[in-house]
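Beneath this line is the structure, given in structure tokens, with notes to follow.
By convention in this document, chain letters (A, B, ...) are assigned in the order of the sequence lines, proteins followed by strands, and residues within each chain are numbered from 1.
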2 protein chains.
Amino acid sequence: MAKSSSCAIEYTLSLIAGKWKTVILYHLFHQPVYRFNELKKLMPDCSQRMLSLQLKELEKAGLIQKKVYPVVPPKTEYSLTKLGQSMLPVIKAMDKWGLDHHNQLNKEP
Amino acid sequence: MAKSSSCAIEYTLSLIAGKWKTVILYHLFHQPVYRFNELKKLMPDCSQRMLSLQLKELEKAGLIQKKVYPVVPPKTEYSLTKLGQSMLPVIKAMDKWGLDHHNQLNKEP
DNA sequence: ACCCTTAGTTACAAATTATTCCCTATCCAT
DNA sequence: ATGGATAGGGAATAATTTGTAACTAAGGGT
């Protein structure tokens, strides 16, 4: 995304700044392996194409990896790489902040 | 930015996702008060316009506040709100990750 | 009279991201 | 023969973000 970043934070942000990337990472922290359509179901507002793009970028960044089974119908499995796992503190901090401060969330009984 | 987010992480990301927002927050954590041009100097690649926009969005999000002194030439001071301060763990985690993993950074002696 | 400073704004162009809709391949079941 | 399931790809378009450059106000200094 960003060509170069003089600053550590910019760099981190450049890797996770896509609209769905942090959400994907979040899900993969909760369950280590997901198939494409399983992720899709977890993110109903994310179109198939966007999911595909975001996965591709995460993969390119080295945060996730995918395993393709040459079967019919196709089957792929996505999981975090070691690098991706190291992002856990960031994702966790963001999740916690959101839970603590997004009042619109889980308000109704 | 995002209209609504079903998920905590998306919400957090929506508030800090601008190109310079995390950097601004980062600087304000290090020094609690900055003037516009002081921030500008810390972020040479950020244009005046972008800085202005990002500050405005951070303010709208309630993460920073600004104090305007009605003097000539103008003087304004930016600082974190309480809400902004609560973002520290997120910013810190991102900074740490970037430092740990951005090899291009501080490589040469 | 003219320039400097600060903290912006405006207008416009360019680049990046996101959305929509439809298309592919292959095998299995009906 | 048709339709379904899975994991995408492609093209066109829309929306958003970012970049560039010039402009403003108001007072002080020379």
Side-chain angles (χ1 to χ4, degrees), chain A residues 1-7 9-11 13-25 27-28 33-61 64-79, chain B residues 1-7 9-11 13-25 27-28 33-61 64-79:
Chain A
M1 236 158 194
K3 267 80 206 165
S4 75
S5 338
S6 56
C7 138
I9 288 204
E10 274 179 82
Y11 177 66
L13 188 62
S14 75
L15 299 185
I16 62 172
K19 190 162 179 186
W20 302 102
K21 289 185 197 163
T22 50
V23 182
I24 294 170
L25 294 176
H27 287 309
L28 286 173
V33 177
Y34 270 117
R35 298 183 60 175
F36 187 87
N37 273 0
E38 290 175 331
L39 282 169
K40 181 72 189 55
K41 263 166 218 154
L42 294 172
M43 293 177 273
D45 293 343
C46 177
S47 72
Q48 202 173 26
R49 178 164 155 71
M50 276 311 293
L51 180 56
S52 168
L53 287 177
Q54 302 276 289
L55 286 169
K56 217 185 281 180
E57 290 185 29
L58 284 172
E59 196 191 352
K60 192 170 154 203
I64 66 172
Q65 63 202 159
K66 95 181 180 185
K67 181 150 201 274
V68 179
Y69 296 87
V71 296
V72 165
K75 170 174 176 173
T76 55
E77 286 180 345
Y78 292 92
S79 57
Chain B
M1 236 158 195
K3 266 80 206 164
S4 75
S5 338
S6 55
C7 138
I9 288 203
E10 275 180 80
Y11 177 67
L13 187 62
S14 75
L15 298 185
I16 62 173
K19 189 164 179 185
W20 303 101
K21 288 185 200 164
T22 50
V23 182
I24 293 170
L25 294 177
H27 287 308
L28 286 173
V33 177
Y34 271 117
R35 297 184 59 174
F36 187 88
N37 274 1
E38 291 175 331
L39 283 170
K40 181 74 186 53
K41 264 166 218 154
L42 294 172
M43 294 177 273
D45 293 342
C46 176
S47 71
Q48 203 172 24
R49 173 185 143 78
M50 278 310 295
L51 181 56
S52 169
L53 286 176
Q54 302 276 289
L55 286 169
K56 219 185 279 183
E57 289 184 31
L58 283 172
E59 196 191 352
K60 194 170 153 199
I64 66 173
Q65 62 201 160
K66 95 181 181 187
K67 180 149 201 278
V68 180
Y69 296 86
V71 296
V72 165
K75 170 174 177 175
T76 56
E77 285 179 345
Y78 291 93
S79 57

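Side-chain atoms of A:R35 lie closest to D:dA7 of the nucleotides D:dT18, D:dA7, C:dT20.
The side chain of B:K19 contributes an N or O atom lying less than 4.0 Å from OP1 or OP2 of D:dG19. Between A:T76 and D:dG8 there is a side-chain N or O to OP1 or OP2 distance below 4.0 Å. Contact annotation: A:Q54 side-chain N/O to C:dA18 OP1/OP2 distance is under 4.0 Å.
Heavy atoms only, all atoms of each residue included: A:I16 and B:L13 are closest at O-CD2, 4.1 Å.
Taking atom NZ on B:K40 and atom P on C:dT5, their separation rounds to 14 Å, with Å as the unit. Put simply, CZ on A:F36 is 6 Å from C1' on D:dA7, counting in whole angstrom units. Residue A:L13 contributes atom CG, which lies 14 Å from atom C1' of D:dT18 at whole-angstrom precision. Rounded to whole angstrom, the span from the CD atom of B:E57 across to the P atom of C:dT9 amounts to 12 Å. Distance OH (A:Y69) to C1' (D:dG8): 18 Å, rounded to an integer number of Å. Atom P of nucleotide D:dT6 and atom CD of A:Q48 are separated by 11 Å, given to the nearest angstrom. Atom-to-atom, CG of B:L58 to C1' of D:dT17 comes out at 15 Å; the value is rounded to the nearest Å. Rounded to an integer number of Å, the gap from B:L51 CG to D:dA21 P is 18 Å.
Between A:L51 and A:W20, every side-chain heavy-atom pair lies at or beyond the 4.5 Å cut-off. Put simply, the side chain of A:S79 does not reach to within 4.5 Å of the side chain of A:Y34, judged on heavy atoms.
Contacts of A:R49 with the nucleic acid, taken as non-hydrogen atoms under 4.0 Å apart, include base atoms. Across all strands shown, B:K75 has heavy atoms under 4.0 Å from sugar-phosphate atoms exclusively, and none from any base. Within 4.0 Å (heavy atoms only), A:S52 reaches sugar-phosphate atoms of the nucleic acid but no base atom. Using a 4.0 Å heavy-atom distance criterion, B:S47 is classed as a base contact.
Between A:P73 and A:K56, the residue anchored nearer the 5' end of DNA chain D, judged by the nucleotide with its closest heavy atom, is A:P73. Each of B:Y78 and B:V72 was assigned the nucleotide of DNA chain C with the nearest heavy atom; the assignment lying further toward the 5' end belongs to B:V72. Both A:W20 and A:P74 sit near DNA chain C, but only A:W20 has its closest nucleotide nearer the 5' end.
The existence of a salt bridge linking A:E57 and A:K21 is confirmed by a sub-4.0 Å separation between a basic side-chain nitrogen and an acidic carboxylate oxygen.
Residues A:E38 and A:Y78 bring no donor and acceptor atom of their side chains to less than 3.5 Å of each other.
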